Peer 1: 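What follows is a single structure, and I will ask about it in a moment.
A quick note: this is a predicted structure, and the numbers were derived from the prediction, not measured. All ligand and atom numbering here is 1-based and tracks the order in the structure.
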Amino acid sequence: MSNPLVSIIMGSKSDLSIMKGAPEVLEELGIEYELTILSAHRTPHRVMKLAAGAKGRGIKVFIAGAGMAAHLPGVIAAFTTLPIIGVPIQASVSPGGLDAVLAILQMPPGVPVATVAINGSRNAGILAAQIIGTSDDNLAIRLDEFKEKMRKKVEAIADEVEAKGYQELL
Ligand code: RP5
């Protein structure tokens, strides 16, 4: 994409199937992004270069997903003042994803990273859109429409369960 506003990074190719929720929702909302696979531990110099140069390239928000000792979002935060949304990923050998949650949540004072739920890449995309939407009126309208669609969908289910009883929805 020619003018990406969101930079999506994940620690491994094995994270892609979970992280795809972020680019998917950004596409739904019409927001340009870049996406790559870089590791805080395996490719630290390239992470540093990408993070340090992002602001100059017009990036507004980072979404960084990693599992296990999930240092990627925090390492990006060390090199930029752009907001970073961390996605804790439940890796196959993880104790329920809590390892990544704590690694991303427990940033030292002065270097924050926003954190979504375990495997919450779609919410990370929506949050990135909402951050950008604070200074983009057209996007703010698209976000209102997005929420409205969600409201209607949930209300349709409420109407259905109220009319038919819960057994019909099982
Ligand atoms: C983390 O370790 C990655 O983000 C991934 O979630 C986990 C396992 O990585 P691989 O061994 O699958 O490359 O760095």
Side-chain angles (χ1 to χ4, degrees), residues 1-134 136 139 142-143 146 150:
M1 296 184 181
S2 50
N3 292 305
L5 298 175
V6 181
S7 187
I8 304 170
I9 310 179
M10 64 208 78
S12 169
K13 189 180 165 193
S14 66
D15 298 330
L16 251 182
S17 60
I18 286 166
M19 285 302 291
K20 71 181 170 69
E24 280 173 356
V25 77
L26 291 174
E27 283 167 28
E28 278 173 52
L29 290 164
I31 298 172
E32 292 198 41
Y33 61 86
E34 62 181 19
L35 186 152
T36 191
I37 297 169
L38 292 174
S39 159
H41 307 111
R42 294 164 176 157
T43 60
H45 296 100
R46 197 151 154 185
V47 170
M48 178 180 70
K49 199 173 159 206
L50 187 126
K55 202 184 272 182
R57 290 184 296 108
I59 298 294
K60 302 289 183 211
V61 190
F62 274 101
I63 296 174
M68 301 179 76
H71 296 141
L72 183 62
V75 167
I76 294 169
F79 293 109
T80 181
T81 55
L82 290 172
I84 295 143
I85 304 165
V87 183
I89 292 176
Q90 183 172 2
S92 55
V93 293
S94 164
L98 277 181
D99 45 358
V101 169
L102 293 175
I104 295 177
L105 270 182
Q106 292 289 59
M107 288 296 292
V111 194
V113 166
T115 312
V116 294
I118 296 169
N119 297 343
S121 62
R122 185 173 169 86
N123 259 5
I126 296 166
L127 184 55
Q130 289 178 337
I131 290 169
I132 296 166
T134 58
D136 179 334
L139 174 57
R142 296 203 294 282
L143 281 162
F146 179 85
M150 206 161 47

Peer 1: Taking any residue with a non-hydrogen atom under 4.0 angstrom from an atom of ligand 1, which ones do you get?
Peer 2: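 These residues qualify: Gly11, Ser12, Ser14, Asp15, Arg42, Ala66, Gly67, Met68.
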Peer 1: Any side-chain heavy atom of Phe62 within less than 4.5 Å of one from Leu50?
Peer 2: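 When only atoms from C-beta onward are counted, Leu50 and Phe62 do touch, with a gap below 4.5 Å.
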Peer 1: Will you find, in the side chains of Lys60 and Ser7, an N or O donor that is under 3.5 Å from an N or O acceptor?
Peer 2: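 There is no such pair (donor and acceptor under 3.5 Å, judged by atom type) between the side chains of Lys60 and Ser7.
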Peer 1: Given Arg57 and Glu34, is the salt bridge (charged side-chain N to carboxylate O under 4.0 Å, His left out) satisfied, shown in steps?
Peer 2: CA-CA 11 Å; Arg57 290 184 296 108; Glu34 62 181 19; 2.7 Å; yes
Peer 1: Would you give the length of the straight line joining atom NZ of Lys49 to atom CZ of Phe79, rounded to the nearest 0.5 angstrom?
Peer 2: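 These two atoms lie 13.5 Å from each other.
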Peer 1: Do Glu32 and Ser2 come close enough that some side-chain heavy atom pair is under 4.5 Å?
Peer 2: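 A side-chain contact under 4.5 Å exists here.
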Peer 1: Is the shortest heavy-atom distance from the side chain of Leu72 to the side chain of Ser39 under 4.5 Å?
Peer 2: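 They are not in side-chain contact.
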